[in-house]
Structure formats: C-alpha cells, structure tokens
Amino acid sequence: MTPLPLLVGQFDDLLRSPLCWGMMLGAASLWLLFSGRSHALRVMGKVLGGISLMMLAATLMMVGDWSSQIVFCFVAAVTVVGAGAAVTARSPVYTAIWFAVSLLGTAGLFLFQGAQFLGVATVVVYAGAIVVTFLFVLMLAQPEGHAPYDRISWATFAVPAALVGAAAVMAIVLTSLDSLRAVDETTPTPAIAGSSQHMAELGSHLFAYHLVAIEVVGTLLMVALVGAIAIVLQGRKSAAESTGGAAPLPGGRVVPGGGGLPGGTR
Amino acid sequence: MNESAMLYNYLLIGGVLFALGLIGFMVRRNMIVMFLCVEMMLQGISVSLVAWSRFHDDWGGQMLVLFIIAVAAAEAGIALALILMLFHQSGTLDMAFWQDLREEDQQAFVDHKVPEDDDRDRIWPTLTPAGIEPEVDPDEQLHRSKI
C-alpha cells in the first residue's frame, strides 16, 4: 500500500472542505493586511478576513442547542478577530488594545466551558495587569507617529515564511482532529464543568496535589519581580558609564562606538 | 452538550490563535508586539488545555493553565524590564537594531522601501469627553488658593 493514493484522496477531500478554503482566504487576507501598500488593498484584506471567518464558523460543530452555539460563535469570533487585528494593526497601541479584546474573548471561552476561575483570572491578570503595563510602556516609548519598523516587515520572505509555518501548524491540528468529527452524540456534562462548587473543588485539588508547585510559582514570581528591578537598575548604571557618566538622553539613540552596544564593538 | 464537538471547536480556535501568534512573531519587528504575539500563542495553548481538561473530566489541564498564567506574568515583568533597557540603549523598539548579534557570515539586513504612512492609518485612540464641563474660576488660573 503506497501512501501516494491515500495522500491524493485526502487532497481531494481537502479541496472540497470549506475549512481549507477558509484557511487559504485567511492567509491571503493576512498577506494583504501585512504587505498591502495602499489603503484599498488593506480594506480588501479585511473583507477577505471576514469571509474566511464565516467559512471557518460554518465548519464548527454544533455544541448543543442553537442558543449555546450562537453564544459560542460570538465569543470565538471576538477571540479570533481580536487576535487577527492585534497581529496586523500597524500602531502598537492598537495591537495592545486588540490583544486585550482577544483576551476578553478567551476569558469568555473559558467561562463557556465552565472554567470559571480561569476565566476571571485571565481577565484580572492579563487584561487587567499585563496589557495595562504594556500600554504604559508603549506610551512611554512612542508618543506619536508610526515608526518605520511598524510599517515594514523583515525582508520579502518573512510573510510567506510565516504563513507557510502557520499553515503547517494548522494542518497538523486539523488532520489530528478528523476523528472527532465522526462522533455525533449528546453526552452528559462532565462533573468538572457542571459542578456548583467549582472554586472549592479547584482549590482543594490545587492545594492537595500541587502544593509544592504553588510554592515554587510564588517564589518564581517574587524572583521575577526582584530580577526585573535589578535589570533596570543595572542597565541604568551601565548606560550611564558608557556615555561618560552622563545619563542617556531620553529617547535619543546612543552614538555607536560608545561601548556597551553590540554595534560599537565591531 | 456534545463533548467531542466542544473539543473539536476549542482545539480549532486554539490552533488558530497559536498560528496567528506565530505569524505575528515572525512578521512584526516591534519588540513589544513580538512579545504580545508570544502571549497570544500561550493563549492558544491555554484554550486547548482547558478543552482537554473538560473532555477528560480531569483537573490537570486547568491546573497547568493556572501555572501558565503565573509564569506568563513573571515573564512579562522580566521582558518589560529588558525591553525598557534595550530601548534606553538604542532609542528604538526595532528588533533589527540588534542585528549586530547575528552570525559573522550572515549578511546585514537593510530596509529597502518603507511604505508611506497613510493619513487614514494615523488615527490614535482618544477618550470621548464625558460628564459636566467643570467651571473654571479665572482667578484660580493665576494663582493657587489652596496648596
């Protein structure tokens, strides 16, 4: 049995599935959004992205009755649209905001699955702390205008290479998911999702089986905090030494050759 | 609810999130944006883990996501400190600035054509004015009555 006929047969199936076309349209849309020179091309990329999203939504399986399916589709759409917009937005401030939207969608997905604590933790930790910190740094670093490096990518091969890599990831995911599509039956909600004592059970499981890990993670957070402060302080000191005792100009490029820079050593 | 349908949908969404993060990490050059893309890949993994956790009716997946969130928070703190330091040294968030760290036989990367910044892209987020406009006392503008 040669694998070739099998492969051709799968390829034939692939060409007929809306999933494959949705993925291809999504890739084309990302390409246009990344490297579209004009405004019209970018708008076209957005339209293509919308179409591909609808095709992807058409391939989703029914999770239950229609109302829960609609809720799921809405939350999933918020997640994926937020992620796509975060990746393609030219201004990093918008990237951070769209990423926060995507995180809210993810929290909704967690809640939909009955993982209440994780949903709330995602909102509090990510959307509440990380994204706000990022916005703070972004405002600090770029008060106005788009930097050239936000408008251009690496050399021309960057976008195709990234799309091919992502296509490989998605192909692996989808081929391994095929067997799940065959199962079509209503199953009882697992105890982990349907429990009315979610927090109590999660907490008892966490502290019964993962006590050491919890302590280690707490220590890790502490060390990371100290480390972050140490990095900033050390960096200030070495920057002050390399510029001859004077503090570096805020936002100004240190002259190459001043030492302490990788560019200055060559 | 159909549990395998649930798993299928969630793994699909997780895969899409991971792929988008991967694309962003390879295409974008802003250091902060690249880091956000890595966080997005972590989100894709978290979505998949929670789906598996529910499918197998086991707490393991949710526990792992909990630890992922904690480690991601630590990682974000360190990464922000590093990015801030690199920014202080170079004055730019461009990853290509640090290309001197490349291998010796690699060619230097040069920007050929930077696309123009479109006016329509140059819209910044603003807050809408809300509430009643405060009354301004002209005397208060000249001196501070209470310190």
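It should be emphasised that the depicted structure is a prediction, and the values quoted were computed from it without experimental measurement. Residue numbers begin at 1 in each chain, while the letters A, B, ... track the order of the sequences.
- Using a 4.5 Å cut-off between heavy atoms, B:Leu20 contacts chain A through both its backbone and its side chain.
- No other option in B:Asp57, B:Leu66, B:Leu86 has as many heavy-atom pairs under 4.5 Å with chain A as B:Asp57.
- Remark: B:Met85 CE to A:Ile231 CD1 distance equals 7.0 Å, nearest 0.5 Å.
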B:Tyr10/A:Phe110 under ring-ring contact (aromatic ring centres under 6.0 Å, His included): CA gap, chis, key distance, verdict: CA-CA 10 Å; B:Tyr10 270 75; A:Phe110 288 163; 8.2 Å; no
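- Contact annotation for B:Leu84: only side-chain heavy atoms (C-beta onward) come within less than 4.5 Å of a heavy atom of chain A.
- Note: A:Leu221 CG to B:Glu75 CD = 11.5 Å, rounded to the nearest 0.5 Å.
- With a 4.5 angstrom heavy-atom cutoff, B:Gln99 does not touch chain A via any of its atoms.
- Heavy-atom distances place no part of A:Met222 under 4.5 Å from chain B, backbone and side chain included.
- The number of heavy atoms from other shown groups lying within 6.0 Å of CE (B:Met95) does not exceed 12.
- In the displayed structure, A:Phe112 atom CZ is contacted under 6.0 Å by more than 12 heavy atoms of other residues, nucleotides or ligands.
- Using a 4.5 Å heavy-atom cutoff, the side chains of A:Leu118 and B:Ile69 are in contact.
- Residue A:Leu225 does not touch chain B at all, counting heavy-atom pairs closer than 4.5 Å.
- Both the backbone and the side chain of B:Met26 have a heavy atom closer than 4.5 Å to some heavy atom of chain A.
- For chain A, the nearby part of B:Leu80 is the side chain; its heavy atoms alone come within less than 4.5 Å.
- Between A:Phe99 and B:Phe35, the gap from one ring centroid to the other reaches at least 6.0 Å.
- Both the backbone and the side chain of B:Ser53 come within contact range of chain A, each with at least one heavy atom under 4.5 Å from a heavy atom of that chain.
- Looking at B:Ala76, only its side chain comes within 4.5 Å of chain A, counting heavy atoms on both sides.
- Test B:Val50, B:Ile13, B:Asn9 against A:Leu109 for side-chain contact (heavy atoms from CB on, under 4.5 Å) and you get one pass: B:Ile13.
- Looking at B:Phe25, there are no atoms closer than 4.5 Å to chain A (heavy atoms on both sides), in backbone or side chain.
- A pairwise comparison of heavy atoms in B:Ala81 and A:Ala228 identifies CB-O, 3.5 Å as the closest pair.
- With a 4.5 Å cut-off on non-hydrogen atoms, B:Ala79 does not touch chain A at all.
- In this structure the side chain of B:Gln62 never reaches within 4.5 angstrom of the side chain of A:Gln113, judged on heavy atoms.
- Proximity to chain B (any heavy atom under 4.5 Å) is shown, for A:Val80, by both the backbone and the side chain.
- With chain A as partner, the option from B:Ala51, B:Ser46, B:Ala72 having the largest number of non-hydrogen pairs under 4.5 angstrom is B:Ala51.
- At a 4.5 Å heavy-atom cutoff, the contact between B:Met63 and chain A is made by side-chain atoms alone.
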